[in-house]
Amino acid sequence: MTPMTVRTRFAPSPTGFLHIGGARTALFSWAYARRFGGQFILRIEDTDVARSTPEAVQAILDGMAWLGLDHDQGPYYQMQRMDRYHAVIQQMLAAGTAYRCYMSIDELTALRAEQEARKEKPRYDGRWRPAEGKALPPVPEGIAAVVRFRNPVDGVTSWDDQVKGRIEFSNSELDDFIIARADGTPTYNFCVVVDDYDMGITHVIRGDDHVNNTPRQINLLNALGAPVPVYAHLSMILGDDGQKLSKRHGAVSVMQYDDDGYLPEAVLNYLARLGWSHGNEEVFSMAQFVEWFDLNHVTASAAQFNTEKLNWLNAHYIKLADDERLGTEISRRLKMRGFDVPNDGASATAIASINKDRVANLNALTDIAEQFYVMPVISDELKNLHLSDAAKAALKDLRGRLESADWQLAELSASIKASLTATGLKMPQVAIPLRVALFGQTQSAAIDKVLSVLGREETLKRMARVL
RNA sequence: GACCCUAUCGUCUAGAGGCCUAGGACAAUACCCUUUCACGGUAUGAACCCGGGUUCGAAUCCCGGUGGGGUCGCCA
């Protein structure tokens with residue numbers, strides 16, 4: 001027997017951006033396929049014509065690309081598969097596994113209201129379901145039929161969920177759901193089933209809001225004589241505050257993380273660890289993740305998003321990142337703020353190099369870089385506090401040395417120390433006033449490194465302003 | 001309301017009946033390092049929802065309760 005090739009899919013509906021929950025679902029589906037040398041398929045579920053937009057499709061594609069989740073097939077678009085859906089519906093009608101229902105929306109609404117009043121689970125009552133010896137109501141005028149799936153009424157539908165364990169539904173809980181609307185367009189549960197079948201999906205990894213759809217889909221698959229894939233339902237991700245994420249509350253695009261200064265590998269590592277674990281491992285590459293990933297170490301309960309931990313990972317990955325890459329990020333972000341890195345100024349790469357240990361975020365790094373290019377505003381408070389006569393005298397002494405220094409780190413360092421000796425001051429007594437003079441604030445990277453990156457001309461210019 | 005899922009430090013989690021005096025990470029606190037802010041290092045505090053079983057033994061298995069969540073669309 002040839003081993004089954006794993007085929008997973010990510011099937012978002014393009015009604016908005018790719019948010020963090022969708023991204024994790026995509027990541028796990030992708031990782032599972034990669035782990036077993038299988039195929040990862042991207043499918044756009046755009047049958048909700050009213051809410052789907054091309055912008056949302058692009059946003060999803062952009063999000064996937066930013067995260068580096070590459071697909072092997074697709075994107076497939078359900079709207080382009082209508083002929084296939086119609087053919088299957090005709091086939092089911094002919095086979096008797098589906099039937100036409102002429103109940104109007106008003107009648108349905110009334111039925112549901114009645115059921116709810118009786119505290120029952122609202123559901124279709126099967127009035128148009130054909131049965132042996134049953135007289136169907138007369139077909140009404142002016143009502144276009146919907147097509148309903150003839151769901152089994154007895155027995156139990158179950159599956160071994162790879163994250164939640166065995167789940168069973170009594171078929172009596174399931175009603176005959178609509179597979180084609182009155183206008184003929186197919187509905188979600190039906191399209192998913194036909195697509196998963198046609199695309200040979202072996203493992204369906206998706207959010208656990210689909211648990212209740214699963215028995216219906218399994219029954220449909222059975223009616224079609226199709227194999228039933230393995231299911232794995234991922235729990236949801238809650239916001240930082242423990243509240244459910246929604247459009248109104250906390251759900252943001254993955255691209256927002258780019259805007260907010262996060263590195264994709266930090267987001268990926270964080271997401272991987274949210275709801276999945278490999279012993280005590282916290283920090284790992286995607287290559288390592290793919291090697292380790294499995295479904296039975298996925299947590300069955302919901303997880304709360306923790307920005308603090310993401311920040312920590314981001315800081316970690318910034319420290320690891322190449323200076324050149326960070327320099328490029330700085331330039332890109334500076335450009336978005338409206339200015340270019342000057343050719344004759346400090347190098348963005350060098351700025352990144354001496355500051356990447358101090359920041360947890362690319363925007364914070366960019367803020368620092370900006371200070372190297374923009375003449376600082378020095379508050380009176382800082383002037384009074386740090387630019388005393390003694391401090392100025394020390395800075396003047398230092399300026400004299402810097403004017404003739406060879407602009408190398410070691411010599412800059414030596415110059416500062418020489419000034420300390422000459423003035424009898426301690427390092428902070430010179431370094432802090434110098435920071436105030438150069439940046440208008442008391443913190444920076446090691447001051448000798450700052451000088452080496454800022455350059456002689458700019459350094460002396462800034463010092464002159466306060467002396 | 002019905003059905004389904006779920007429950008270990010504040011948070012993410014390890015834990016597959018004895019290895020648990022419940023481990024790691026983020027966050028917190030303290031100390032160390034230090035050229036400031038950070039980084040880094042060390043240490044400390046912090047949890048098995050409740051009640052019944054099963055068992056020589058339960059965080060782990062079973063039942064019930066409670067809390068949390070999901071779903072009940074001619075949305076996906």
Side-chain angles (χ1 to χ4, degrees), chain A residues 11-15 45-48 50-52 78 101 103-105 108-109 112 115-123 144-148 161 163-165 167-170 172-175 177-189 191-192 207-215 233 235-236 238 240 242 244 270 273-283 296-297 299-313 315-316 319 355-360 364 413 416-417 420 426-432 434-436 441-450:
Chain A
S13 62
T15 54
E45 310 215 322
D46 54 356
T47 52
D48 185 354
R51 295 196 304 150
S52 297
Q78 289 187 324
C101 167
M103 194 173 182
S104 70
I105 290 179
L108 235 194
T109 311
R112 278 201 270 260
Q115 290 166 328
E116 270 172 57
R118 269 183 274 135
K119 304 243 184 227
E120 285 170 15
K121 185 171 182 167
R123 48 186 301 175
V146 297
V147 178
R148 286 183 183 271
D161 196 277
V163 349
K164 293 183 184 287
I167 299 180
E168 296 190 347
F169 279 84
S170 178
S172 60
E173 289 293 328
L174 278 20
D175 63 359
F177 59 97
I178 292 173
I179 60 175
R181 302 180 181 94
D183 66 3
T185 56
T187 60
Y188 169 75
N189 276 120
C191 296
V192 166
D208 76 354
D209 47 333
H210 290 290
V211 165
N212 293 275
N213 288 324
T214 306
H233 288 98
S235 315
M236 66 183 308
L238 272 23
D240 242 333
K244 185 191 165 187
Y270 179 73
R273 207 42 205 72
L274 191 62
W276 173 85
S277 61
H278 184 77
N280 285 336
E281 301 294 342
E282 295 287 350
V283 180
N296 43 3
H297 285 89
T299 315
S301 55
Q304 189 171 316
F305 195 90
N306 185 222
T307 305
E308 302 270 16
K309 191 162 180 180
L310 205 213
N311 288 342
W312 169 73
L313 277 166
H316 172 82
K319 286 189 196 81
N355 287 291
K356 66 180 180 179
D357 282 354
R358 306 174 56 236
V359 296
S413 204
I416 295 167
K417 292 203 171 102
L420 295 183
K426 298 286 186 203
M427 179 63 94
Q429 294 173 297
V430 172
I432 301 282
L434 185 50
R435 288 189 174 98
V436 170
Q441 62 177 48
T442 58
Q443 309 98 42
S444 79
I447 196 67
D448 49 353
K449 290 184 181 172
V450 165

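Fair warning: this is a prediction, and the values are worked out from it, not measured in the lab. Every chain is numbered from 1 and lettered A, B, ... according to where its sequence line falls, protein lines coming before strand lines. Because only heavy atoms are used, hydrogens play no part in the values below, and waters and symmetry mates are left out as well, while side chains stay in.
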Query - Nucleic acid contacts of residues 115-122 of chain A, taken as heavy-atom distances under 4.0 Å to RNA chain B - result: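 Heavy-atom cutoff 4.0 Å gives A/K119, A/K121, A/P122.
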Whole-Å gap separating [atom2] ([N]) and [atom1] ([X]):
| X | N | atom1 | atom2 | value |
| --- | --- | --- | --- | --- |
| A/Y270 | B/A27 | OH | C1' | 12 Å |
| A/H316 | B/A25 | NE2 | P | 14 Å |
| A/H233 | B/C4 | NE2 | P | 15 Å |

Report task. In plain terms, say whether A/E282 and A/K309 are close enough for a salt bridge, that is, a side-chain N and a carboxylate O under 4.0 Å apart. Result ->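 The answer is yes: the pair qualifies as a salt bridge.
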Requested in this report: Check whether any side-chain heavy atom of A/N306 sits under 4.5 Å from a side-chain heavy atom of A/D240, and report yes or no.
Outcome: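 Side-chain contact under 4.5 Å: yes.
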Contact list (N/O, under 3.5 angstrom) for nucleotides 21-24 of chain B vs protein:
from  : atom 1 : to     : atom 2 : distance (Å)
B/G23 : N2     : A/N280 : OD1    : 2.8
B/G24 : N2     : A/R273 : NH2    : 3.2
B/G24 : N2     : A/E282 : OE2    : 2.7

Query raised in the report: Taking only residues two or more places apart in sequence, or in another chain, which ones meet A/H316 in a ring-ring contact (aromatic ring centres under 6.0 Å, His included)?
Result: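 Partners of A/H316 by the ring-ring contact (aromatic ring centres under 6.0 Å, His included) criterion come out as none, since no residue qualifies.
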Report, one pair per line, the protein and nucleotides 60-68 of chain B atoms (nitrogen or oxygen only) whose separation is under 3.5 Å.
none

N/O-N/O pairs, protein side and nucleotides 44-50 of chain B side, under 3.5 Å:
none

Query raised in the report: Between A/H297 and B/G15, is there a side-chain N or O to OP1/OP2 distance below 4.0 Å?
Result: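 For A/H297, the contact criterion (side-chain N or O under 4.0 Å from OP1 or OP2 of B/G15) is met.
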Query - B/C33 to B/C20 separation - P atoms, rounded to the nearest Å - result: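 Rounded to whole Å, the distance is 35 Å.
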Requested in this report: Classify every nucleotide of nucleotides 35-43 of chain B by which part a protein heavy atom approaches to under 4.0 Å, writing B for the base, S for the sugar-phosphate alone and - for neither, in 5'-to-3' order.
Outcome: BBBBSS---
